[in-house]
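Keep in mind it's a predicted model, so treat the numbers as computed, not measured.
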Amino acid sequence: MNFAAFSLKRLGYFLPQLIGVIIVAFLVIRLTPGDPILRITGGMASEGEMEKMRERMGLDGSLLDQLIHYFKQLFHGDMGVSWFTSQQVTSDLFQRFPATLELITISLILSLLLSIVISFIAAFGPNTFIGKLTNRIVKGYSFLAGAVPDFWIGILLILLFYSTLGIAPNPMGRYDLTLASPPSVTGFLTIDSIISGRFDVLMSYLSHLMLPVATLVFVYSGNILKITTVSIGEALSSPYMKYARSFGVGKASIIRYALKNALPSIITISGITYTYLLGGAVLIESIFGWGGMGEYAIQSAVNTDFPAMQGFILLSAAFSLFVYLLVDLLYFIINPRMRYE
């Protein structure tokens, strides 16, 4: 099987999975107890006014009619209008998505770099004091990271570094509010700041990134570190690597070969963690006032904003499926055996 055939085969699963997510999310949201009209009006409107609002918001028909109408909207690229912001959900989400994507991407890259470095330290000296200590730390941290809530770590970091030590900037927002925003070109603040030469905004943004990124890295690096340590350890202790060492192959080449052989496992767990980070960013953005897609999702849930909630789930599902597709394509490229399956 060549790369094009494999890509088309995997793309064939994308749309049915996305449609399934849309249907399930639509039904779960609609069947949630509570009447959004009562929440919006506060129960102060008459029955006739409430019926008119239901009709205007598309809530007067059966669930099947509402679902069909929603699919017709999506077919035209319309996710509806947010009941809370009174703007197109598509516009709201894509305005906020770059902030979330930037946050979770930086967190993933940092998690990968730290995990790979720590894994090699543990694997190169498994019988030394440093190696044994590193392995114990990795095991203990992996269990701890999976048990501690991310929002609790975020609040703890704010309390320690902002409130107590005073070395972190105000945790609310992505940069100092006294600074003028750089012109939006890509939507990514790091890139837009560099393009416009606004390095004051860039430095402020990087300082505000520290605490939310540290929170996400601490909570979601556990699985990456655990899998990376095992994979690199197995590669370095394999017979072919011992054979390479016996012929005097340099340490740099050994590291390169070990990393190459551990890549399938590292790529797989990185893709899974990337999607987890999107979910983790929901609460973290609310704690740090990040203004991204996660904070928008919390506001939508609190305000029972059906179109916004559905839009968030749809975009999150599309992002997750795209990441998994990318992981499969990368796996196909680095693993020649898949070409003969």
Side-chain angles (χ1 to χ4, degrees), residues 12-43 50-51 53-97 100-101 104 146 149-151 219-220 271-287 290 292-325:
Y13 298 115
F14 189 94
L15 189 58
Q17 289 174 325
L18 191 60
I19 291 174
V21 170
I22 292 171
I23 294 173
V24 171
F26 184 92
L27 294 177
V28 169
I29 291 172
R30 287 298 196 283
L31 295 174
T32 301
D35 188 347
I37 303 299
L38 283 175
R39 185 171 184 84
I40 293 170
T41 62
M50 291 173 66
E51 286 300 323
M53 287 189 69
R54 284 194 179 90
E55 184 178 352
R56 189 167 65 250
M57 292 180 174
L59 299 175
D60 55 328
S62 65
L63 279 178
L64 181 59
D65 291 337
Q66 293 179 44
L67 181 60
I68 293 172
H69 177 70
Y70 185 61
F71 271 110
K72 288 179 179 178
Q73 283 184 314
L74 291 179
F75 184 76
H76 294 92
D78 181 12
M79 294 185 185
V81 177
S82 169
W83 300 342
F84 180 65
T85 65
S86 300
Q87 297 181 5
Q88 287 289 330
V89 173
T90 307
S91 176
D92 281 343
L93 287 173
F94 282 97
Q95 183 182 358
R96 291 166 172 80
F97 184 62
T100 301
L101 185 61
I104 64 175
D150 49 6
F151 66 89
V219 175
Y220 292 95
I272 294 171
T273 304
Y274 202 19
T275 60
Y276 284 176
L277 281 167
L278 182 61
V282 171
L283 288 178
I284 298 305
E285 286 185 7
S286 297
I287 293 171
W290 200 249
M293 195 172 71
E295 189 176 3
Y296 181 73
I298 293 291
Q299 293 173 349
S300 303
V302 170
N303 292 286
T304 323
D305 191 345
F306 285 0
M309 293 165 67
Q310 291 163 187
F312 170 77
I313 294 173
L314 172 59
L315 185 56
S316 299
F319 173 79
S320 300
L321 291 173
F322 175 76
V323 169
Y324 293 144
L325 172 63

* Backbone N/O of Met293 and side chain of Thr100: donor-acceptor pair under 3.5 Å -> yes
* Are side-chain heavy atoms of Gln310 and Ile29 found at a separation under 4.5 Å? -> yes
* Asked: Which of parallel (below 30°), tilted (30 to 60°) and perpendicular (above 60°) describes Phe306 and Trp83?
  -> tilted
* **CG-CG distance between Leu27 and Leu67, expressed to the nearest 0.5 angstrom** => 6.5 Å
* **Heavy-atom side-chain proximity of Tyr13 to Leu321 below 4.5 angstrom** => no
* **4.5 Å side-chain heavy-atom contact, Leu18 and Leu314** => yes
* Asked: Can you check side chain to side chain contact (heavy atoms under 4.5 Å, CB included) on Tyr70 and Asp65, steps first, answer last?
  -> CA-CA 9 Å; Tyr70 185 61; Asp65 291 337; over 6 Å; no
* **Pairwise distance CG(Leu101) to CZ(Arg96) - rounded to 0.5 angstrom** => 16.0 Å
* To do: Verify, without hydrogens or angle tests, whether Glu285 (side chain) and Gly294 (backbone) share a donor-acceptor contact under 3.5 angstrom.
  => yes
* Atom pair CD/CG of Gln88 and Leu93 - distance to nearest 0.5 Å -> 11.0 Å
* Trace of the side chain to side chain contact (heavy atoms under 4.5 Å, CB included) decision for Val89 with Val81 -> CA-CA 5 Å; Val89 173; Val81 177; 5.9 Å; no
* May I ask you to check whether over 12 heavy atoms, not counting those of Tyr276, lie within 6.0 Å of atom OH? => no
* Above 12 or not: heavy atoms from other molecules or residues under 6.0 Å from CZ of Phe71? -> yes
* Asked: Do Thr275 and Tyr324 meet the criterion of a side-chain donor-acceptor pair at a distance under 3.5 Å?
  -> yes
* Flag side-chain contact, heavy atom, 4.5 Å: Phe97 against Leu315 -> yes
* Has the side chain of Arg30 got a donor or acceptor atom that lies under 3.5 Å from a matching backbone atom of Phe26? -> no
* Enter the distance from Ile298:CD1 to Ile287:CD1 here, rounded to the nearest 0.5 Å. => 9.5 Å
* To do: For the residue pair Ser82 and Gln87, establish whether any side-chain heavy-atom pair is separated by less than 4.5 Å.
  => no
* Asked: Can you tell me how far CD of Glu295 sits from CG of Leu283, rounded to the nearest 0.5 angstrom?
  -> 11.5 Å
* **Ring centres under 6.0 angstrom apart (Phe312, Tyr296)** => no
* Asked: Does a sphere of radius 6.0 Å around CZ in Phe14 hold more than 12 heavy atoms from other residues, nucleotides or ligands, not counting ones at 6.0 Å or beyond?
  -> yes
* Does Asn303 use its side chain to pair, donor to acceptor, with the backbone of Gln299 at less than 3.5 Å? -> yes
* Asked: To the nearest 0.5 Å, what is the distance between CG (Leu278) and OG1 (Thr273)?
  -> 13.0 Å
* Main-chain N/O of Phe84 paired to Asp305 side chain as donor or acceptor, under 3.5 Å -> yes
